[in-house]
Amino acid sequence: MAIATQLTLLCALLLAAAGKTMPHFKWGQTKEQLFISVMVPDLDEKTVSTTVTGAGELRFFAKSRKGEEHVLKLDLREDVEEDSLKTEPASRQDKWGMATVISLRKKHQHRWDMLVMDPKPFKGKLDKDWTHEDQNLEPEEEITIFEDAEHLVKVTESNFERSLQKHMPLIVAARFPWCSQCKSQDAEFVKAAKTAKARSKRKSGADWKKATFAFMDARSSKKLARRFEVTCDYNCEYQVFGGGPQEDPEKVKGQYSEEKFLEELQKFLRPAVEQIGKLEDAEQFKESNVVVGAFESEASKEFLNYKAAAAKMRGELIFTAVLGIARDEIELRKPGSEVMKLPISSFQDDLPALQQWLMPRAMPVVQEYEWSLRAKYEKLGLPMARLWYDETDESGLNLQVNKTLASVATRLLGKMAFVLQKKTMYAYELRDYGLNHPEDYPAFGIAGNASYNAEKYALELSSAKEFWSKPDAERDLLEFCESVLAGTAVEAHESGAVHTNWTEGTVKRIAWKSWKEDILAPKTNVLLEIFGKYRTDHERKLKQVESFAKALSVSSEKLTVASYDTSENYLPPGAFSRERFASHSEWYWIPAGGGSPTKLAKPKKDASIEKVIRFLKSQAHSSGVEFTMDEMELVEPPESPAQPEEVEAPKSEL
């Protein structure tokens, strides 16, 4: 008999012995919600108490009016959101008594196959509640790929600790049986387990003998699943236990190739820290980036922090340690570079401090960027300086720029990361920095971190070639970088080209880069149209507004007609806020010298020129502005290209 069943039966016997009764209950579900109705005869509603503990254990307590106690304890099949618990009395009485309806939100939104882990102890007490059941939910096909695999060990809550002691490293695929989002990667995981077993039998594959591939049913092993934050999503991560029962596992992303997956696992086949006899023995790793430390013992706090950092940075650095003697500092040795030292006291009580010091120093000072490095830079968490360069430029400028960049990067080591990005691959990123009008290489910008939505800062240059060629380019570049670190740099945004050849009587195209001058402090009153160029009939509407501006040209000393295309320019929140990808037209009146803008309110979108004229007259009058409009210039463009009319010839000519 299963342990869970034995415990439940024991609870039932104890309840009976204590004079407590297990009530009848029934359950139903939707994809998102769980509903449990508990019936108590002659219920005293004031005594009802319901709690959810451990994210998956439900407890119900209530008394009848005669004082009889009714207790229900359920080990739910899966986890629920604890803060979603709601109870309410049913609208009518059930045959088993007055029902209390409990509703809970599922942590993983899908159809449950059962309410509880083991329904046997509730036989005769548990029913289905069809009134709360979404009968359109189809039963889900459950994964069997792991159960059928020959070279996998099954990990459960009862054998987990023993498995860790026996197998190291232990690579675990923790999955919910109903979750199929990682089907392809899991198939490669199973293949990798078979290949690793075959490699372990060769002389060259001795390290693979220690590796064990395993799987865990996250639904059955709920406590372990919570502990290791198992989810059902497209990340498809695997847990690698390589440092002992007390250490947290490392997460490795699934691959669509067994060979790539095995390459990723290679770094776990050796100890996180290589123990050496004396400090000089670290010379055997001189071709690699190596960290060298000396500690009193394996049990010392300093060594445990050192080992934890080594486990987190497998594959990035080789960690070595001498035990039995203690030194006050660790060393980072990189080929061709001076030895870098860090006092042990700086991370003695602060593990993140050691990682934060090592991670940027483990990477090249400046390196060519590629997509595979993105996760590493995100983990680094530093501001990211990007230099976009034209790889076809043979003038020698790129060599000079790289030297300048390396010098600044060295001075800011540990504060900012620096990468090179080829024009042919990453020119599209210039838009986010407002550096695409025009594209002038080498271009330089800084992101607050490596994530997509990080703040951006751009080094604005009148001529990139002149800037990078001048003797004090390094000083100016360093000054810009430090302004970003100090929080004094102005954030950059996407911007169209500044309208430099604008003439009175035409529409002034505002860009984000000219926003401050043209909108926040305009020299004349401004009638501003905000739109997105992907609107319907865009070309016709442009001509219509140009005609409008021409008609108002006689008043250009007092009034400017302007436009702002939000598909090419950042729009600041506040008075001009609108949906990010909206393309409809909106009109605003902005008084000369700046001030609060007034919006044409009716209609809010795509007002006709007639209504814009009425809006203009109203705002000009209230602002005490007189203007003149040459209505002869106000021409309405045709909605579509004119088609020649078919004219019937006179009968006399037939």
Side-chain angles (χ1 to χ4, degrees), residues 141-156 159-160 162-221 224-225 227-245 247-272 310-316 318 371-376 379:
E141 183 180 352
E142 300 201 344
I143 300 170
T144 59
I145 186 172
F146 298 130
E147 297 283 355
D148 301 334
E150 181 181 351
H151 302 288
L152 298 185
V153 172
K154 186 171 184 177
V155 172
T156 64
N159 72 2
F160 177 67
R162 291 197 307 275
S163 298
L164 286 185
Q165 292 171 2
K166 185 177 180 182
H167 308 290
M168 198 67 66
L170 182 68
I171 305 108
V172 182
R175 297 284 183 264
F176 294 100
W178 44 264
C179 180
S180 60
Q181 297 204 36
C182 299
K183 194 172 182 179
S184 298
Q185 293 93 322
D186 287 343
E188 297 305 315
F189 173 83
V190 172
K191 290 180 187 177
K194 184 177 181 180
T195 301
K197 187 71 174 177
R199 287 184 182 179
S200 69
K201 296 177 181 178
R202 306 175 197 157
K203 280 187 179 181
S204 59
D207 287 344
W208 286 103
K209 289 182 180 179
K210 305 171 186 176
T212 301
F213 289 72
F215 72 97
M216 181 183 78
D217 183 333
R219 183 174 62 189
S220 298
S221 301
L224 282 180
R227 176 179 168 185
F228 301 122
E229 300 176 341
V230 180
T231 59
C232 176
D233 57 33
Y234 289 107
N235 286 327
C236 301
E237 293 176 329
Y238 300 86
Q239 315 271 349
V240 182
F241 299 86
E247 294 187 14
D248 291 333
E250 293 298 310
K251 292 183 178 181
V252 176
K253 285 193 174 183
Q255 303 288 341
Y256 291 98
S257 158
E258 63 168 302
E259 203 56 49
K260 285 187 177 180
F261 188 64
L262 289 169
E263 285 176 14
E264 184 67 20
L265 294 177
Q266 188 81 34
K267 61 190 178 186
F268 295 98
L269 302 182
R270 300 291 303 166
K312 293 287 183 184
M313 298 186 69
R314 286 177 185 269
E316 298 177 48
I318 295 174
W371 280 110
S372 60
L373 295 171
R374 181 170 168 267
K376 186 176 288 188
K379 185 178 178 182

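The structure displayed is predicted, hence computed values, not measured ones.
For the salt bridge (charged side-chain N to carboxylate O under 4.0 Å, His left out) condition, the pairs that include at least one residue of residues 253-262, sequence neighbours left out, are Arg199-Glu259.
Shown here are the side chain to side chain contact (heavy atoms under 4.5 Å, CB included) partners of Cys179, two or more places apart in sequence or in another chain: Phe176, Gln181, Cys232. Among residues two or more places apart in sequence or in another chain, the side-chain hydrogen bond (donor to acceptor under 3.5 Å, both in side chains) test is passed with Lys267 by Glu264. Under the side-chain hydrogen bond (donor to acceptor under 3.5 Å, both in side chains) criterion, Gln239 pairs with no residue, sequence neighbours left out. For Lys183, there are no salt bridge (Lys or Arg N to Asp or Glu O under 4.0 Å) partners two or more places apart in sequence or in a different chain. Applying the side chain to side chain contact (heavy atoms under 4.5 Å, CB included) rule to Asp148 yields the partners Thr144; only residues at least two apart in sequence or on another chain are considered. Shown here are the side-chain hydrogen bond (donor to acceptor under 3.5 Å, both in side chains) partners of Arg374, two or more places apart in sequence or in another chain: Glu378. Listed by chain and residue number, Glu188 satisfy the side-chain hydrogen bond (donor to acceptor under 3.5 Å, both in side chains) test with Lys191 (two or more places apart in sequence, or in another chain). With sequence neighbours excluded, no residue satisfies salt bridge (Lys or Arg N to Asp or Glu O under 4.0 Å) with Glu141.
The backbone N or O of Asn235 sits less than 3.5 Å from a side-chain atom of Asp233, completing a donor-acceptor pair. Side chain of Asp186 to backbone of Phe146: no donor-acceptor contact under 3.5 angstrom is found.
Val155 has its side chain within reach of Leu170: a pair of non-hydrogen atoms, C-beta onward, lies under 4.5 Å apart.
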Inset, instruction - Take Arg175 and Tyr238 through the test side-chain contact (heavy atoms from CB on, under 4.5 Å) and record every step on the way to the result. - result: CA-CA 9 Å; Arg175 297 284 183 264; Tyr238 300 86; 3.3 Å; yes
Taking distance alone, no hydrogens or angles, what donor-acceptor pairs closer than 3.5 Å link side-chain atoms of residues 204-218 to residues at least two apart or in another chain?
{"from": "Thr212", "atom 1": "OG1", "to": "His167", "atom 2": "ND1", "distance (Å)": "2.9"}
{"from": "Asp217", "atom 1": "OD1", "to": "Arg219", "atom 2": "N", "distance (Å)": "2.9"}
{"from": "Asp217", "atom 1": "OD1", "to": "Ser220", "atom 2": "N", "distance (Å)": "3.2"}
{"from": "Asp217", "atom 1": "OD2", "to": "Ser220", "atom 2": "OG", "distance (Å)": "3.3"}

